[in-house]
Amino acid sequence: MPRRPLGRTGLTVTPIGLGLAALGRPGYITLGRDHDLGADRSMEALERRSHEVLSAAYDAGIRYFDAARSYGLAERFLASWLQQRKLSPTDVTVGSKWGYTYVGNWHVDARVHELKDQSLAALRRQITESRSLLGDFLDLYQIHSATIESRVLEDKRVLAELSQLRASGLVIGLSVSGPRQAEVIRRSLAVEVDGVNPFETVQATWNLMEPSAGPALSEAHEAGWGVIIKEALANGRLADRDTQAIAAVLANPWADVVLSGAVTPDQLLSNVRALHAHVTEDEFARLAALAEPPEKYWSERSRLQWT
């Protein structure tokens, strides 16, 4: 799998990356995950499963791995796998995120799984935690689900801290979620701290059911930002056509890397087959009919059960 630039960040990625949202904690909202993971959700079992999928990804040529502080023990599992495989920071590109804290206490049926906190104190705490686990492997640090409502893009103290982290050599980005993704992306493109925008990448949801962020992502790409696509399979709602769905993402000239959310090696390899798939214009026209209004898509996503 060829490596390619992640915008103008100086980092490289592969067209497909591996996201660890569904691997680092016992519960998540992906459909079918209950069947895929089985009954044993112990820390030891999920670490083994994470290592299996990470190894399948690496052996398939994947070199971008994406975690977050709120993905349970995803950073720890990734770090132990990197050590086990005896890899160096030049072998892979690693991104993580701050702004949510995992509070599920390793229970699938927890009342609350994660809490949002995008304050300066949370940033300082979580960058320390991420670096303590990932060390020199940490290349990209992203705000986790920046939204208009969180006002994090207006927090001058947070932006100044992010600017300092960028000056230290860490690439800074943000992920976005919700029906106003495009608006958040465009606002982030206009951020300045002492004449410099601290952000260099954006991670957004784009899939056949929710393509509304496409024009804004194209603008980010034109500005030199790296573009990472998450939830290409709509949290499992497009799992029955995964090759087409991922191939559709890869067909966008502004997409640098699309994340697989696989929890088994077989799922991972099925996702990778999208690299060799060709979606015709007629197929694109038929697939476009799957698109929903953003408000409807995100409303239904919010009702998905943690399993």
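The structure presented is a predicted model; accordingly, all values stated were derived computationally and were not measured.
Closest non-hydrogen pair, Ser70 versus Glu114, comes out as OG-OE1, 3.4 Å. Scanning all heavy atoms of the two residues, the minimum distance from Leu170 to Leu138 falls at CD1-O, 3.5 Å.
Glu75 and Ser96 are linked by a side-chain donor-acceptor pair at a separation below 3.5 angstrom, with hydrogens and angles left out of the test. A donor and an acceptor atom, one from each side chain of Thr307 and Asp34, are nowhere located under 3.5 Å apart. Side-chain contact of Asp282 with Thr280: a donor-acceptor pair under 3.5 Å is absent, judged by distance alone. Checked by atom type, the side-chain pair Thr9/Glu200 shows no donor-acceptor distance below 3.5 Å. One side chain, Gln267 or Asp36, offers a donor N or O that lies under 3.5 Å from an acceptor on the other.
Annotation: Gln305, atom CD; neighbour count of heavy atoms from other residues, nucleotides and ligands within 6.0 Å does not exceed 12.
Applying the ring-ring contact (aromatic ring centres under 6.0 Å, His included) rule to Phe65 yields the partners Trp81; only residues at least two apart in sequence or on another chain are considered.
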Side-chain donor-acceptor pairs of residues 98-105 under 3.5 Å, sequence neighbours excluded:
{"from": "Thr101", "atom 1": "OG1", "to": "Arg125", "atom 2": "NH2", "distance (Å)": "3.4"}
{"from": "Thr101", "atom 1": "OG1", "to": "Gln126", "atom 2": "NE2", "distance (Å)": "3.3"}
{"from": "Tyr102", "atom 1": "OH", "to": "Trp106", "atom 2": "N", "distance (Å)": "3.0"}

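Under the ring pair (Phe, Tyr, Trp, His ring centres under 6.0 Å) criterion, the residue pairs touching residues 7-43 are Tyr28-Trp306, with sequence neighbours excluded. Evaluation of the salt bridge (Lys or Arg N to Asp or Glu O under 4.0 Å) test over residues 201-230, restricted to residues two or more places apart or in two chains, returns Arg186-Glu219. Evaluation of the salt bridge (Lys or Arg N to Asp or Glu O under 4.0 Å) test over residues 83-93, restricted to residues two or more places apart or in two chains, returns Asp59-Arg85.
Taking the six-membered ring for Trp, Tyr71 and His113 have ring centres at least 6.0 Å apart.
Counting heavy atoms from C-beta outward, Gln142 and Asp66 have side chains that approach closer than 4.5 Å.
Of the charged side-chain nitrogens involved, none lies within less than 4.0 Å of a carboxylate oxygen, so that Glu161 and Arg157 do not count as a salt-bridged pair.
Cluster partners of Leu259 are Leu6, Leu11, Val13, Tyr64, Leu140, Val171, Ile228, Val257, counting Ile, Leu, Val, Met, Phe, Trp and Tyr whose side-chain heavy atoms approach within less than 4.5 Å, directly or via other members.
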